[in-house]
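Taking it in order: structure first as structure tokens, then the write-up.
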Amino acid sequence: MRLNHLPMTRQKSSNNVSGSITVFLSLTGILVMALLGTLLETARYEACGNHAERTLRTSAEALLAEYNRPLYDQYGLFFLEGTGKPYEEVIAEYVGDTLEAADGGEMDFLKGQTEEISVADRVRIGDEKAEPLQREIRQMMLHTLTKKQLKSFLNKTSDITDTDSRARDIEKTVEREQEAAKVDQELLKLMKLVDGISVSEGKVKGSRTFIKMFVTKKKKPQNFGVTQKAVWDAMKPGLDETPLHFDTMKKARFQEKVREALAMTKEAIELSSSLKNTWKATAGKTSEFADHDKRMGEILDSFSVLETNRKILLETQELLSGEVTDETRETLETLWRDYDTESIVFDYTGVEEKGGGENPLDALGAAWGDGLLSLVCEETDKISGKSVDSPDNFAGLYGEQEDSEDYGKRVDDFAREESVELSGVLGAAGDYAMDEFCLDSYIQKRFGSYADRKSSAWKKSLEYQWEYIVSGEKSDKENLEGVLNRILLIRTVVNFAAIYKDGGKKAQAYGAAAAVVGFTGMEPLIRLTQTLILVAWSLVESMVDLAGLLKGRDVPLVKTPDGILTSFPEIFLITRGAVTGRAERFKKSSGKSFGYKEYLLLFLASSGQSVKRYRIMDLIQWDMVKNGYPEFQLGQCVFSLEARGRFSFPSRFFRMPVLEQMLARKIQSYPSSCQVRVSYV
């Protein structure tokens, strides 16, 4: 019986083992399939994520391909307009085309769906001090420009870029001479108050009222501290002999004279006190003026008599306030014996020899009234009359506006106030490098100037565009005049150096200065006046240079004394005909000449980079509108942007029932997010 049961036991055991193996293999297969499915789905997820990022990038770049074509055609710039269909919609359309193209094709496993597209961090053309504009221009111009060209430009301008240091030397010279001459200038005021004497329009003139006008002794020059006939002749008509004849005094008239003399005496006392302090501060600084300083000290000491005179005038006023009796007249006669008219003696040396002279600054001031263009441009009627309403619009929007200087005012201040300011015209050109050279070369290539007036189908709001970029004024005329005034000041420094080297010209200026001052005893004032005359001479010569530049003549960058075309008498003849006539003597310009356009490039090189960029933007905006694009807004044009996308991709392998049971959830799709930055360069 036991033998019969043995086979049956073995058969049952064999079936159990077989069933266990089947279950094991099934579970193992499921796990392997799950692992393979997970690996495949993970790899697919990674591929879908990469595909989404590539799709977003190409779609954003496709958006940039919709750049403004007229802007590119006219100015060579790639920028995306900020108006029209929203960027998000355009990118979404491009993304949709790509993702949907995978449906049913060989790339079906990459098919996905766009959940959201957004655009952030747009960088517009004017952001970061218009750096996007600079980057595009740099990339464009570097294809044609070389460092050799930059070096050539810098070498060509080297002779003129050091004018700023020479200008400061001239200013310092004038400042020193003005300090030394300050005593003389104040003394001239005292001369008029005390003696009633002044020199103007080439003549010695006497005033109607002055401190010494009262005759208390014999009416002769010695009793009034005067030794020069010209001075005495000018003084005599204003003398009042009432103190010698109180018995026939005209009370009202004499009272008025006393009142005026009292006011002048008070002013002279205050002025002499201030002058004495000035003299103490400046005396002895220059050994060549030692004799002058000593003589000035003696004159200032003599002003102490004015206090006595003041008391006499005050007592006289009081006596005359009541009824004038014989006793009053006797008191007045006694009182006025001490009125001093001879202790204060001024040095009028040279007044009879020179007799006064015309000041060239007066002629310059009179001629300057109508502006520089009226003197140096032959055809002012052909100057463009175009203007705009809002100059420096973009600079103002971005807070980069510069205070524009009226360089013409410097000439006006010189002529009227003897203020010499020649430095600071070129700005800071010391760090000029390839980046700046690219920008200025672009301006030269794409925009026009007064010297480059070509007809074009492209309409312009301003004709003189280089000049606008340099000056930033609202009209072509103002911009042109601003540039010419700057050139004028530079040429003044250059011409001053040439004139100052000429001993003959300096002697002429000295003689004229002595005639203007009228008194050779005032050496410091004569020296100052001489220097001012030399500056005026240089200015007039510079007008001739400007007229030559506008005519296209070859005006030497640096002149020798023999190259000065203006003679001393011609300083006083400042008319358009005289100035432009002398300019005809310059040779015709050659290819190597440093002409008007070169000065413009020099000013561009020394201008602030951000301001130049914003003014370029102004010109582009105005002209795009003028040429039929009224909705164009350059300020809204985009250079770069950041695109962000959220996508979903349907799951494939995770949808297997066995995997869904193992994961205990259904995975229909999974998300993918990415962001890309795109720009034109």
Check for a donor-acceptor pair, side chain of [X] on one end and backbone N or O of [Y] on the other, with a separation under 3.5 Å.
X      : Y      : result
Asn223 : Lys218 : yes
Ser304 : Asp301 : yes
Asn309 : Asp340 : yes
Asp164 : Gly424 : yes
Glu171 : Ser423 : yes
Tyr464 : Ser384 : yes
Ser274 : Leu271 : no

How close do [X] and [Y] get, heavy atom to heavy atom, and via which atoms?
X      : Y      : result
Gly297 : Trp279 : CA-CZ2, 3.5 Å
Lys192 : Ser198 : CD-CB, 4.4 Å
Asp293 : Ala283 : OD2-CA, 3.7 Å

What's the separation between atom [atom1] in [X] and atom [atom2] in [Y], rounded to the nearest 0.5 Å?
X      : Y      : atom1 : atom2 : answer
Leu372 : Asp412 : CG    : CG    : 12.5 Å
Leu361 : Trp368 : CG    : CH2   : 12.5 Å
Arg585 : Leu565 : CZ    : CG    : 4.5 Å
Thr316 : Leu332 : OG1   : CG    : 5.5 Å
Phe224 : Asp195 : CZ    : CG    : 10.0 Å
Thr492 : Ile499 : OG1   : CD1   : 9.0 Å

Residue list, side-chain contact (heavy atoms from CB on, under 4.5 Å) with Asp169, at least two apart or on another chain
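Counting only residues at least two positions away or on another chain, Asp169 forms no side-chain contact (heavy atoms from CB on, under 4.5 Å).
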Take Asp545 and Glu541 through the test side-chain contact (heavy atoms from CB on, under 4.5 Å) and record every step on the way to the result.
CA-CA 6 Å; Asp545 293 347; Glu541 176 70 9; 4.1 Å; yes
Suppose we call two aromatic rings close when their centres sit under 6.0 Å apart. Are Phe214 and Phe254 close by that rule?
yes
Show your reasoning for whether side chain to side chain donor-acceptor pair (under 3.5 Å) applies to Glu570 and Ser567.
CA-CA 5 Å; Glu570 288 172 325; Ser567 65; 3.1 Å; yes
Evaluate the side-chain proximity of [Y] to [X]: yes if any heavy-atom separation is below 4.5 Å, no if none is.
X      : Y      : answer
Leu534 : Tyr510 : no
Leu320 : Gln317 : no
Val345 : Ser302 : no
Val411 : Leu489 : yes
Tyr450 : Glu467 : yes
Glu267 : Leu193 : yes
Glu421 : Asp413 : no
Val376 : Leu550 : yes

Keeping to residues at least two apart or across chains, list the ring-ring contact (aromatic ring centres under 6.0 Å, His included) pairs with something in residues 468-496.
Tyr468-Trp622, Phe496-Tyr500
Between the side chains of [Y] and [X], is the shortest nitrogen-to-carboxylate-oxygen separation below 4.0 Å, so that they form an ion pair?
X      : Y      : value
Glu241 : Lys219 : yes
Lys182 : Glu179 : no
Lys189 : Glu186 : yes
Lys311 : Glu315 : no
Arg615 : Asp392 : yes
Lys505 : Asp502 : yes
Arg527 : Glu177 : no
Lys294 : Asp291 : no
Asp347 : Arg295 : yes
Lys212 : Glu342 : no
Arg253 : Glu256 : no

[atom1] of [X]: more than 12 outside heavy atoms within 6.0 angstrom?
X      : atom1 : answer
Asp370 : CG    : no
Lys409 : NZ    : no
Asn277 : CG    : yes
Lys251 : NZ    : yes
Glu323 : CD    : no
Lys551 : NZ    : yes

Quick one, Asp240 with Lys257, criterion salt bridge (charged side-chain N to carboxylate O under 4.0 Å, His left out). Give me CA distance, side-chain angles, the key distance, then yes/no.
CA-CA 9 Å; Asp240 186 329; Lys257 289 283 187 77; 3.3 Å; yes
Let me see the working for Thr328 and Thr331 under side chain to side chain donor-acceptor pair (under 3.5 Å), right down to the final yes or no.
CA-CA 5 Å; Thr328 304; Thr331 303; over 6 Å; no
From CA spacing to verdict: side-chain contact (heavy atoms from CB on, under 4.5 Å), Val516, Glu358
CA-CA 6 Å; Val516 169; Glu358 186 179 356; over 6 Å; no
Run the side-chain contact (heavy atoms from CB on, under 4.5 Å) check on Arg491 and Lys559 step by step: do they pass?
CA-CA 10 Å; Arg491 295 303 309 172; Lys559 288 185 181 180; 3.7 Å; yes
Ser475 and Glu478: CA distance, side-chain angles, deciding distance, side chain to side chain donor-acceptor pair (under 3.5 Å) verdict:
CA-CA 5 Å; Ser475 70; Glu478 288 173 298; 2.9 Å; yes
Side chain to side chain donor-acceptor pair (under 3.5 Å) between Asp562 and Thr560, intermediate numbers included
CA-CA 5 Å; Asp562 292 339; Thr560 63; 5.1 Å; no
I want to check a possible cation-pi pair here: Arg486 against Tyr599, using under 6.0 Å from ring centre and within 45° of the ring axis as the test.
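No.
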Kindly indicate, with the supporting measurements, whether the criterion side-chain contact (heavy atoms from CB on, under 4.5 Å) is fulfilled by Ile571 and Leu364.
CA-CA 8 Å; Ile571 301 176; Leu364 181 62; over 6 Å; no
